[in-house]
Amino acid sequence: QVQLVESGGGLVQPGGSLRLSCAATSARRIGNINIMGWYRQTPGKQRELVAHMSSENIANYADSVKGRFTISRDNAKNTVNLQMDNLSPEDTAVYLCHAVVYEDSNYFAYWGQGTQVTVSS
């Protein structure tokens, strides 16, 4: 079992920046984290991908955040960060860390509890 612990959400004005962090922890050695990244969700809408990064550090971004958000990953520490710049009110959401772990010959998906990001003046 893998736990994802997020931090870094909060309230920021339009045009501002926030940095989200997520760490994967487990009571035993974590298998290969194939994909690690972030989704976001707002009331009444489907959860949507923000950005994720493979274990080879290949990044994929939603079109709405390209050029504003940057994902980074430390495979040795099992962490992923999301630097969010030039934030707009449309970015307001609960941001959830997501990881796909390959272990015991299977892929397992894990989710964090979520961290609130609010962009408002």
Side-chain angles (χ1 to χ4, degrees):
Q1 189 74 11
V2 173
Q3 292 79 43
L4 301 178
V5 180
E6 303 128 329
S7 61
L11 172 65
V12 65
Q13 292 187 342
S17 298
L18 280 176
R19 183 178 177 87
L20 304 182
S21 297
C22 174
T25 64
S26 177
R28 62 173 190 167
R29 180 182 173 277
I30 299 175
N32 177 45
I33 302 180
N34 186 254
I35 295 285
M36 204 167 183
W38 296 89
Y39 283 70
R40 65 188 181 188
Q41 188 159 25
T42 54
K45 290 187 177 181
Q46 280 194 329
R47 189 172 294 184
E48 64 171 356
L49 172 70
V50 177
H52 64 61
M53 181 169 273
S54 70
S55 54
E56 293 82 21
N57 288 337
I58 297 173
N60 183 41
Y61 295 92
D63 288 341
S64 59
V65 307
K66 283 180 181 176
R68 300 187 299 121
F69 292 11
T70 304
I71 190 169
S72 61
R73 183 173 165 178
D74 186 328
N75 292 331
K77 295 181 179 179
N78 293 327
T79 59
V80 64
N81 298 309
L82 185 69
Q83 177 66 38
M84 305 186 294
D85 298 318
N86 193 22
L87 284 158
S88 72
E90 289 71 34
D91 296 314
T92 296
V94 175
Y95 285 70
L96 302 108
C97 184
H98 176 252
V100 177
V101 180
Y102 183 74
E103 58 188 359
D104 299 330
S105 302
N106 280 294
Y107 289 95
F108 297 90
Y110 296 96
W111 293 93
Q113 297 278 6
T115 184
Q116 178 70 45
V117 171
T118 302
V119 185
S120 175
S121 55

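We count residues from 1, following the sequence as given. The figures here come from the full heavy-atom set of this structure, side chains too, leaving out hydrogens, waters and symmetry mates. This structure is a prediction, so every number in the text was calculated from the model and none was measured.
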Donor-acceptor under 3.5 Å ([X] side chain, [Y] main chain):
X: Ser26; Y: Gln1; value: yes
X: Thr92; Y: Val119; value: yes
X: Glu6; Y: Gln113; value: yes
X: Arg73; Y: Asn57; value: no

Which heavy-atom pair separates [X] from [Y] by the least distance, and what is that distance?
X: Met84; Y: Leu20; answer: CE-CG, 3.7 Å
X: His52; Y: Leu49; answer: CD2-CD1, 3.4 Å
X: Trp38; Y: Asn81; answer: NE1-C, 4.0 Å
X: Ile33; Y: Ala99; answer: CG2-CB, 4.1 Å
X: Val2; Y: Ala24; answer: CG1-CB, 4.0 Å

For residues [X] and [Y]: do they belong to one hydrophobic cluster (side chain heavy atoms under 4.5 Å, members Ile, Leu, Val, Met, Phe, Trp, Tyr)?
X: Val80; Y: Tyr61; result: yes
X: Ile71; Y: Val94; result: no
X: Val101; Y: Ile35; result: no
X: Leu82; Y: Val117; result: yes

For the pair Asp85 and Ser17, evaluate side-chain hydrogen bond (donor to acceptor under 3.5 Å, both in side chains) and give the outcome as yes or no after the intermediate values. CA-CA 4 Å; Asp85 298 318; Ser17 298; 2.7 Å; yes

Within-4.5 Å side-chain heavy-atom neighbours: Cys22 and Met36: yes

Could you check whether any side-chain heavy atom of Ser120 comes within less than 4.5 Å of a side-chain heavy atom of Leu11, counting everything from C-beta outward? yes

Mind listing the side-chain donor-acceptor pairs of residues 62-70 below 3.5 Å, one per line with the distance, residues two or more places apart or on another chain?
from: Asp63; atom 1: OD1; to: Lys66; atom 2: NZ; distance (Å): 3.1
from: Ser64; atom 1: OG; to: Arg40; atom 2: NH2; distance (Å): 3.3
from: Arg68; atom 1: NH1; to: Asn86; atom 2: O; distance (Å): 3.0
from: Arg68; atom 1: NH1; to: Asp91; atom 2: OD2; distance (Å): 2.7
from: Arg68; atom 1: NH2; to: Ser64; atom 2: O; distance (Å): 2.9
from: Arg68; atom 1: NH2; to: Asp91; atom 2: OD1; distance (Å): 3.0
from: Arg68; atom 1: NH2; to: Asp91; atom 2: OD2; distance (Å): 3.4

Give me the one residue out of Leu4, Val100, Ile30 that meets side chain to side chain contact (heavy atoms under 4.5 Å, CB included) with Tyr110. Leu4

Applying ring pair (Phe, Tyr, Trp, His ring centres under 6.0 Å), can you list everything that pairs with Tyr39, at least two apart in sequence or on another chain? His98, Trp111

Asn34 side chain to Ser55 side chain, donor-acceptor N/O pair below 3.5 angstrom: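 Judged by distance alone, the side chains do not pair up.
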
